[in-house]
There are 2 protein chains.
Amino acid sequence: MRSITINDVAAKAGVSIKTVSRVLNREPNVKDDTRERVLAAVQELNYKPNVSARSLAGSRSYLIGVFFDNPSPAYNADVHLGAVLRCREAGYHLLVEPLDSTASDFASQLIPMLATLRVDGVLLTPPVCDNPVLLDALEAAQVPYVRVAPDGQLDRAAYVRMDDRRAAQEMANHLIDLGHREIGFIKGHPDHGASHLREEGFREAMKDHGVTVREDWVVQGWFSFQSGFEAAKDLLARPQRPSAVFASNDDMALGVIAAANQLRLTVPDDLSVVGFDDTPSARMVWPQLTTIRQPIANMAAAAADLLISGEMTTDDGAPASRMLDFELVVRDSTKPLKG
Amino acid sequence: MRSITINDVAAKAGVSIKTVSRVLNREPNVKDDTRERVLAAVQELNYKPNVSARSLAGSRSYLIGVFFDNPSPAYNADVHLGAVLRCREAGYHLLVEPLDSTASDFASQLIPMLATLRVDGVLLTPPVCDNPVLLDALEAAQVPYVRVAPDGQLDRAAYVRMDDRRAAQEMANHLIDLGHREIGFIKGHPDHGASHLREEGFREAMKDHGVTVREDWVVQGWFSFQSGFEAAKDLLARPQRPSAVFASNDDMALGVIAAANQLRLTVPDDLSVVGFDDTPSARMVWPQLTTIRQPIANMAAAAADLLISGEMTTDDGAPASRMLDFELVVRDSTKPLKG
DNA sequence: CTGCGCAATGACAACGCTGTCAATGCGAAC
DNA sequence: GTTCGCATTGACAGCGTTGTCATTGCGCAG
């Protein structure tokens, strides 16, 4: 099956291949008349340019890499989906590259890969988006990259994120609006910037409503089910216990629900529980979890956008960035405090 | 950053570029001496061939596509991971292509994509691996493909799978070994071949041990949490209820646990529950779920292997296939029947 | 009517590799 | 010593596109 080349199109449209190339690449200086004739031929022959030839001849590869080392498959899947969809619109394709950032030869594995592929850019998701070794390597290889939900070094490169702080604030407001005052909080992994933002948001909401945070009800967690389970068993076994628990992510919130079940507490009657992330598991329990939906796919799409359009810096030279909206998803794990 | 080309290597090794190419592609008729000299130069310069140039000049693209339309992100992630790892070893890269098989222009979207990319092969996962439109399109475009865990039409093309039937049998054996005789079964989505295999395995194990299957305890589910939840609420509310429930997948098993919790039944004390798949959520509940771990990543790796090696048919012309081992994962949701 | 300037188009090399085929080297057979 | 055959190597032409630069066409000022 010999496939259709630019020559076939050129012949059919009665122009040179270069003119076809110009039309395809939206270059200026083509008469409208000619352009239409070419497009018609393209359509009729169902011509699709050969990516390999394009990238060999030109500067772009029409390939975007996604690097990740995230334990949550749901997160990765959302990133892929969002990015793929946007890429497809622009004729790009997505190359996925799981990374093992714990490996010592991590970076030395990477650079050759970049050299082989000549991707037009890469999309970095947590936690690799905050790996300085990786960022250095990318910059050294002059590969453009956009970070999704980075923790810090925001002035280093373009990024897309959501407002964790304000989301946590809204979540806390939700609990307070339901009448809760005795609210426990389970912190996330201290190495994750989001942990701190979420805690800050929680504290801010409490302060705004003049509710005191009981520090002995603020306990450390590690973003894992197990850590949430144990933190909750500790918290809920005390003589005085909160009427609501705000876990910094869903996995821990599920741990809280499991612990409550074990202690014969009914959620949400005896205890309201909220999480953060809206992972698939959040709906795999009863009661289904009230949580914050991160716009992961949209963030990835926005990141792909920046990469494809090349708008990696603002006019004044600072890294471009996008802040996307989250969504408070109220389900069955929260309930107004009984009179 | 001009990158290193085959010319640089050839110059350094003092041979022609064609000889370098021979070494790199493991072609015969190169003196050991020469080969070593070339490899040394490759090593020293850290040369990596340009994929675009390779695929333009040669027949292979060193790209493998993964098509999927699976609602479970964890499943997809495992597939990607397994495939990527194997691909990387062989210098291949993975292109992910989520498909929307419900879209009407599904196939017409697809063919151009294949034409553009010239992938060396594609990996098909459920449910798209059983989509006849897709298979037809791939065959028409002469794109080799390997199916992971296909339902039927096994003589059509190469595939990799596990023994759902025997896995279900072992799972049932586990329950029977624990002393359970009153076992409920929640069927999976009737359109999925695995549903039937799992049910058969269950029935076979029961028969082997001379235990009668109570047909009123065999209820229909749809592989979703909700369907498991509702099936279990029905099943467990009856005057006579089973001492164990075998759900055809984890999502439904989690539904069973949730229903049990709601009915104030303690798992596993009052009821043993088992699932199938070992999804991440299986560990996000208490008690953690006894289940079957599918070798998803390994299946994907094996599929990539077949694609890369080109061993798509056996010597007698039949499609190649691989059957991989599963694993029974015993956790906390099963317990010996009391007295 | 001529000439200038810019828009529109095309010819051709280059991208980095592989496939084809010719050239060379070398040992064995005569 | 010659010749033949095969193992080894290299020269060169593509692969299908884009970049560069030359050429053509055309409207408008002089």
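Just so you know, these numbers use all the heavy atoms, side chains as well, and skip hydrogens, waters and symmetry mates. First the proteins, then the strands, lettered A, B, ... as listed; each starts at 1.
A salt bridge links B/Arg86 with B/Asp305; the closest basic N to acidic carboxylate O contact falls under 4.0 Å. A salt bridge between A/Asp136 and A/Arg156 is present, with a side-chain N of the basic residue lying under 4.0 Å from a carboxylate O of the acidic one.
When the P atom of C/dT18 is taken as reference, atom CG of B/Leu24 falls 7 Å away, rounded to whole Å. Summarising the geometry, the separation between CG on B/Asp33 and P on C/dC26 is reported as 12 Å, rounded to the nearest angstrom. For the pair B/Lys18 NZ and C/dC21 P, the interatomic distance rounds to 12 Å; values are reported in whole Å. One atom, CZ of B/Arg54, and another, C1' of D/dG14, lie 18 Å apart when rounded to the nearest Å. Between the C1' atom of D/dT9 and the CD1 atom of B/Ile17 lies a distance of 13 Å, rounded to the nearest Å. Between B/Glu27 atom CD and C/dC17 atom P there is a gap of 14 Å when expressed in whole angstrom units. To the nearest angstrom, P of D/dA13 lies 17 Å from CG of B/Leu56. A straight line from CZ of A/Arg60 to C1' of D/dT18 spans 10 Å, rounded to a whole angstrom.
Close to D/dT8, at under 4.0 Å from its OP1 or OP2, lies a side-chain N or O of B/Asn29. The phosphate of C/dG10 (OP1 or OP2) has a side-chain N or O of A/Thr19 nearer than 4.0 angstrom. Residue A/Ser21 places at least one side-chain N or O under 4.0 Å from the OP1 or OP2 atom of D/dT18. Residue B/Ser52 places none of its side-chain N or O atoms closer than 4.0 Å to OP1 or OP2 of C/dG16. Taking only side-chain nitrogens and oxygens, B/Asn7 never comes nearer than 4.0 Å to OP1 or OP2 of C/dG16. Between A/Thr34 and C/dT9 there is a side-chain N or O to OP1 or OP2 distance below 4.0 Å. The shortest distance between the side-chain N/O atoms of A/Asn25 and the OP1/OP2 oxygens of D/dT18 is below 4.0 Å.
Checking B/Ala57 against B/Arg35, the closest nucleotide of DNA chain D that is more toward the 5' end is the one next to B/Arg35. When each of B/Arg22 and B/Tyr47 is assigned the nucleotide of DNA chain C with its nearest heavy atom, B/Tyr47 is the one assigned upstream, toward the 5' end.
In this structure, of D/dT18, C/dC17, C/dT9, it is C/dT9 that holds the atom nearest to the side chain of A/Val30. Considering only side-chain atoms of B/Ser16, the nucleotide from C/dC17, D/dG16, D/dG10 that sits closest is D/dG10. Comparing D/dT18, C/dC17, D/dG16 by their nearest atom to the side chain of B/Ile6 picks out C/dC17.
The two atoms that bring B/Leu306 and B/Met312 nearest to each other are O-SD, 3.7 Å, heavy atoms only.
In this structure, A/Tyr62 reaches neither bases nor backbone, as no heavy-atom distance under 4.0 Å exists between it and the strands shown. Within 4.0 Å (heavy atoms only), B/Lys31 reaches sugar-phosphate atoms of the nucleic acid but no base atom.
Annotation: side chain of B/Thr5 is in contact with side chain of B/Asp8 (closest heavy-atom distance under 4.5 Å). Within the 4.5 Å cutoff, the side chain of A/Asn70 has heavy atoms near those of the A/Pro127 side chain.
The aromatic rings of B/His80 and B/Phe68 sit perpendicular to each other, their planes meeting at more than 60°, with 30° as the lower class boundary.
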